[in-house]
Amino acid sequence: MIELEGVPELIDPVMVAAFEGWNDAGDAASTAVAHLDREWKGEVFAALDAEDYYDFQVNRPTVWLDGGVRKITWPTTRLSVVRVGGEKPRDLVLVRGIEPSMRWRSFCNELLGFAHELGVELVVIMGALLGDTPHTRPVPVSGVTSDADLARTMDLEETKYEGPTGIVGILQEACTHAGVPAVSLWAAVPHYVSQPPNPKATLALLNRLEDLIDLRIPLGELPEDARAWQLGVDQLAAEDSEVAEYVQTLEEARDTAELPEASGEAIAREFERYLRRRDGGGPATGAGSHATESGEPTSYLRDTPGGRTRPPMAQRPESDTGQDAGNDGESRQEPETDEAADGTGPDVRAGESGPQDSKGSSGAAKAPGSPDSSDPSDSSRSSDASDSSED
């Protein structure tokens, strides 16, 4: 039995989760949850035992000094709570951690135990995969579920994927079998510029989360960071004719595929989002606090989140990497490259993708996707995340 002491009764809680590693291309998903935690000053109330789920030779602990005293931070998964005010206040349970190395079923059961105790009504798991999508176009974000009824009521795609999966897919299936409504949001990250951070993909995930749970999310500097990131990649692509030609090919394919939608639901969603932001709104109580009946805020132990806030400048692409990504739906090892002269920035490569290491530092594995909505088994041919989501 999980006992949650000091956590008040939550209002219409939604659990939002993301995990660093294989399901987190460009760190887009984990950065999105970190952004929510930072903007609303989430208060950590629980952490899973690192000994149970992590191989410390894969995800190593870090040592740091606190007033001259050496301390150790162990890799784990933490849960925090934030309350979002407004006309319809609700709570978010944020789950942020690293894809576990072992005991995945126990890991998911423990998270589901927290969800049950907190009365969570919906679980949203965010992920990011590498895809054949141009950086110059809006980031495709798909919403998928294993529940046919939920797919109809929330206008989502019912997943038909078969193949290797990560903790995102396992947790979604565990929720479905436990009777907890669960949705996965997948952002497609250009495989030729997969190094983190990718603020444009993070922004796209947060926008889709807004639409899904009807909640206004403060974006802070993310829109500016996304524009700066795209400008940096534009400049590098313009300096290499091979990369520029490849990007143009992806643009043409994407524009052709999305032409029918351009005048339909996509425009309606953007207009609704514009109206929400124009009308304003925001937290009714102090960020990271919960108001009791007497009006006094109840706070938790705070875990100040880290993370990047601005994208680095882009790195010049290699001239000998024009090979297109493979169509077999399997990940490829991306060759290591020397850093740019200034030592910063995403590595722009035409047609290459590489597996994500355990800390998400070298680009994520290209999760198998789909050229159509009926069989997500080949993301290398897909330019729309609705056709390239893993699970």
Closest approach of [X] to [Y] (non-hydrogen atoms, all atoms of both residues):
X	Y	value
Pro190	Pro134	CG-C, 4.2 Å
Ser80	Gly42	CB-C, 4.1 Å
Pro218	Trp40	CD-CZ2, 3.3 Å
Lys41	Val82	C-CG1, 4.3 Å
Val193	Val189	O-CG1, 4.1 Å
Ile167	Asn23	N-OD1, 3.2 Å

Between [X] and [Y], is there a donor-acceptor pair closer than 3.5 Å when you use the side chain of the first and the backbone of the second?
X	Y	result
Asp27	Pro197	no
Arg105	Ile170	no
Ser101	Asp55	yes
Arg208	Val141	yes
Arg90	Leu215	no
Glu251	Thr136	no
Asp24	Ala18	no
Thr159	Ser146	no
Lys200	His135	yes
Asp225	Pro199	no

Are any of the side-chain heavy atoms of [X] and [Y] separated by less than 4.5 Å?
X	Y	answer
Thr202	Asn198	no
Glu39	Ile217	no
Asp149	Pro181	no
Tyr53	Ser106	yes
Leu118	Asp91	no
Leu48	Leu111	yes
Val144	Tyr161	no
Val247	Val233	no

Can you list the steps and then say if Phe19 with Leu171 is a side chain to side chain contact (heavy atoms under 4.5 Å, CB included)?
CA-CA 11 Å; Phe19 304 93; Leu171 180 56; 4.0 Å; yes
Working to the nearest 0.5 angstrom, can you tell me the gap between [X] [atom1] and [Y] [atom2]?
X	Y	atom1	atom2	value
Glu51	Phe56	CD	CZ	4.5 Å
Glu157	Ser184	CD	OG	11.0 Å
Thr176	Leu150	OG1	CG	8.5 Å
Ser30	Asp37	OG	CG	12.0 Å
Glu117	Leu10	CD	CG	11.5 Å
Arg38	Leu94	CZ	CG	12.0 Å

State yes or no: do [X] and [Y] share one hydrophobic cluster built from I, L, V, M, F, W and Y residues joined by side-chain heavy-atom distances below 4.5 Å, directly or via other members?
X	Y	result
Trp64	Ile98	no
Phe107	Trp74	yes
Ile72	Val69	no

In terms of heavy-atom contacts, does CD of Glu245 have more than 12 from other residues, nucleotides or ligands at under 6.0 Å?
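Atom CD in Glu245 is not crowded, with 12 or fewer foreign heavy atoms closer than 6.0 Å.
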Apply the test side chain to side chain contact (heavy atoms under 4.5 Å, CB included) to residues Leu79 and Phe114: give CA-CA distance (whole Å), side-chain angles for both, the deciding distance (0.1 Å), then the verdict.
CA-CA 9 Å; Leu79 290 83; Phe114 282 109; 3.9 Å; yes
Is it true that Thr77 and Tyr54 share a donor-acceptor pair across their side chains at a distance under 3.5 Å?
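Present: a donor and an acceptor within the cut-off.
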Judged by modelled atom types alone, do Thr133 and Arg254 share a side-chain donor-acceptor pair under 3.5 Å?
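Yes - a donor-acceptor pair under 3.5 Å links their side chains.
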Residues Arg96, Leu36; criterion side chain to side chain contact (heavy atoms under 4.5 Å, CB included); working and verdict:
CA-CA 11 Å; Arg96 182 160 59 106; Leu36 297 175; over 6 Å; no
Would you check, one step at a time, whether the test side chain to side chain contact (heavy atoms under 4.5 Å, CB included) holds for Met154 with Leu122?
CA-CA 12 Å; Met154 301 191 72; Leu122 175 69; 4.3 Å; yes
